[in-house]
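All figures in this text were calculated on a predicted structure; none of them were measured in a lab. Because only heavy atoms are used, hydrogens play no part in the values below, and waters and symmetry mates are left out as well, while side chains stay in.
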Amino acid sequence: MRDVMVLGTGMVPFGRYAPGSARRLAAEASVAALSDAGCAFADLDAFVCGSAHPLTPRGVYLAKELGVTGLAVLHAEHASASGLAAMHLAWLGVGSGAYDAVLVLGVDCPESEQSALEIIESEGNLPAPALFAMWAHRRMHDRGTTPRHLAAVAAKNWNYARDNPYAARRAAEPITVEKVLASRMIAPPLTSMMCTPWGEGAAAAVVCSAEFAGRYGADRAVRMLHSHVESETYSPGHVFQGAIVGPPAMSRRAAGALYEATGRGPADVDVVQVHDAFAIEELYYYELLGFAADGDAERLVEKGAFGPGSRERFGLPEFSTHGGLVAGGHPGGPTGLAQVHETVRQLRGGRSVGLCHMLGAGSVAITQMYERARPS
Amino acid sequence: MPDRLGSVQLTDVVRYAGASGDLNPLHYDPSFARAAGHEGLFAMGALHGGWLVSHVVSQGASPPEGAPWFLRLRYHGIVPLGLDLEAESSIGPDRTTADLTGGGERKVSLELAGLDAPPAAGGGRDEQRCTFPVELGTSKRFGEAVRWPEPLAPGRPVPPTYLSVLSFWLPNPDPIDRVGFDRSRTLLGETSIELARGPVRVGEVFEVREYIGAERTRAGRAGEMRLVDLVAELSDATGLRVVYRNTFILMPARAEAAPLNGSRDPETGQVFYPARALSVDGRMRPLVESALATEGVLYSWTTYEGTAYGQIDLDDGVRLQVRLAPGEHQIGARYRMAGSPDGDRWFAHA
């Protein structure tokens, strides 16, 4: 594999958009990413669209809005992981030498009103909040986790979102643990402020070769070190029936594969973006991605780890620095691209290594590592 | 030749429910009927039973005026709405019998004849009393509901089964509540009316003593049935005039919902749900169909929008995500499948 770079990113704020807005959102995010990269749609040789909602317009229609140039158009669908799946295809395409520059677009905004939750349930699954609440309830039973621990994780992400102009939920005042606990109960122990608001949006990135980046502005580029797609491995007690949460070991393996392929370990990672659609998830991912021993996450949260200053104070990365899915929003396809957008922002701001993690339908975990490009 | 009586429609059920006070939702609420294991709605027995009484009266059957007599209706099977009904009757000077049939099955049999001795008072538990005026308006409404062929006016006989409107005057009007049976499994088995002389007439006023008779059991096709009589004794200045007896049957508890079907790997013995065709190790061994265990241990649970959900580690190793019975639950406790014949399933504390 040759080196793969992310040259530019762009997005629109996540939130509620009316049905029929997808073309506009897709174009805005794409143009933002292309201007950030300093190139034009005509310079690309591939376009990969990631979207999860079946009523979002086809990627190829969205590509046409940007230009009709004959480039390769691909589509990636992997539920919540659609955005990182699209990045994975671009990484394979550029790394293999098949393509030089790829626009990756994550977009979800259905052409008519139908919520992601309705789709999940129409596929015969129990409601997603109930499934994650059960994961939380079991951890409380096994590890003595309290709702305060969950609220502390959520409050941290709400407060990160206050500084992110693209976040769906931007609180006017700092958010306290008490406020999160006092919000409406959705599925015990999860309150509404511990659950993603879903929403719509678009986000994009230009993925390219080092040569291409050199032509357009290598100083802005970050390296996409590796991308790993892990699906489930059977073990006793495996849930086939509407997974959604998925086996925890899947995230652990996806992170392990990333560390092995890159030669970087958890200690090298500065910032992490995870699939924190429900606050219990991030708590688990501290352990599953290798940043805490099993059962140690609560103690670290109590000390204030994984928030602002965590790297300096504890040698542990900051998590969900754009507000995560809980406060940043979770449109589906764009969610992974918003993680990439945030990772690029962090690396351009001086951080060295960023990690992204998304789950798709509890059946796939995708992990990616990005590194600040060193002048060569 | 049998006479055609038509079929019971939902309108008839509504009319009879209003006229008689029998508001059991089993007869007009489709989801209630389904949850109780019935494929659709069916009539209250006293509705088409009343039609049969009216039919024999219209054919000339009449009770003796000055001597004791009785009318008995026996209910043999439920009458689904829309089923065409036929009556075959044999009317004699001393005794009338009739059968109501539908779909080739006998649904109700009727007997009207003289009694050797006047009815006698009895006794039971949970006695309640009321004064029962035989009102013109109420009896007219009831007459319409059972197709009573005679005009109703002061002094005229009311339909014999009119006594079911006693519920309008009794302190606790709900017979099924009185006998303490599960509404969804309770059917009316038999109605008998014994009279000291002549019919009950519009304008008469009775003192009523109602009580619950001794419970008994009977073996049925689907298991043991419980039977209990609700008896009302109507007296006036001349003494005991009428003994009105309804026998309620509590049908055996419905069958458990069928177990869920999964697949078993013949080589490893592992069980999977939902059912799958091939082994999980990618070696492509065909799996065989296997019924899942119906008990297990609660792994976790929550509630969402008023419904309780749980994950149950079944005894065969499957972790099932399923609805739980309402209420509080306990991780680590044993749970067992419950359900209804329409396929709805949930788990409850074992």
Non-hydrogen atoms of chain A under 4.5 Å away: do they reach the side chain of B:Gln311, the backbone, both or neither?
both
Can the ring centroids of A:Phe278 and A:Phe132 be said to lie less than 6.0 angstrom from one another?
yes
Hey, would you say the A:Phe291 and A:Phe319 ring centroids sit under 6.0 Å apart?
yes
How would you list, in number order, the residues of residues 297-307 of chain B that have a heavy atom less than 4.5 Å from chain A?
B:Leu298, B:Tyr299, B:Ser300, B:Trp301, B:Thr302, B:Thr303, B:Tyr304, B:Glu305
Any carboxylate oxygen within less than 4.0 angstrom of a Lys/Arg side-chain nitrogen, looking at A:Arg253 and A:Glu260?
no
Residues two or more places apart in sequence or in another chain: which of them pass side-chain hydrogen bond (donor to acceptor under 3.5 Å, both in side chains) with B:Asp316?
none
Looking at A:Glu178, I want to see if its CD is surrounded by more than 12 non-hydrogen atoms of other residues, nucleotides or ligands under 6.0 Å.
yes
Are the charged groups of B:Asp174 and B:Arg178 less than 4.0 angstrom apart, N to O?
no
Cation-pi, A:Tyr284 ring and A:Arg139 (6.0 angstrom, 45 degrees):
yes
Is a salt bridge present between A:Glu298 and A:Arg143, judged by a nitrogen-to-oxygen distance below 4.0 Å?
no
Among residues 180-197 of chain A, which residues come closer than 4.5 Å to chain B, judged by heavy atom distances?
A:Ile186, A:Ala187, A:Pro188
Would you mind checking if B:Asp315 and B:Arg334 are paired as a salt bridge, meaning a charged N to carboxylate O distance below 4.0 Å?
yes
Taking NZ, NE, NH1 and NH2 as the nitrogens, is one of them in B:Arg283 or B:Glu267 under 4.0 Å from a carboxylate oxygen of the other?
no
Kindly state each residue pair satisfying salt bridge (charged side-chain N to carboxylate O under 4.0 Å, His left out) with at least one member in residues 13-28 of chain B, sequence neighbours excluded.
B:Asp12-B:Arg15
What residue in A:His141, A:Met134, A:Met140 has the most heavy-atom pairs under 4.5 Å with chain B?
A:Met134
Whatever's closer than 4.5 Å to a heavy atom in chain A on B:Leu320 counts as both
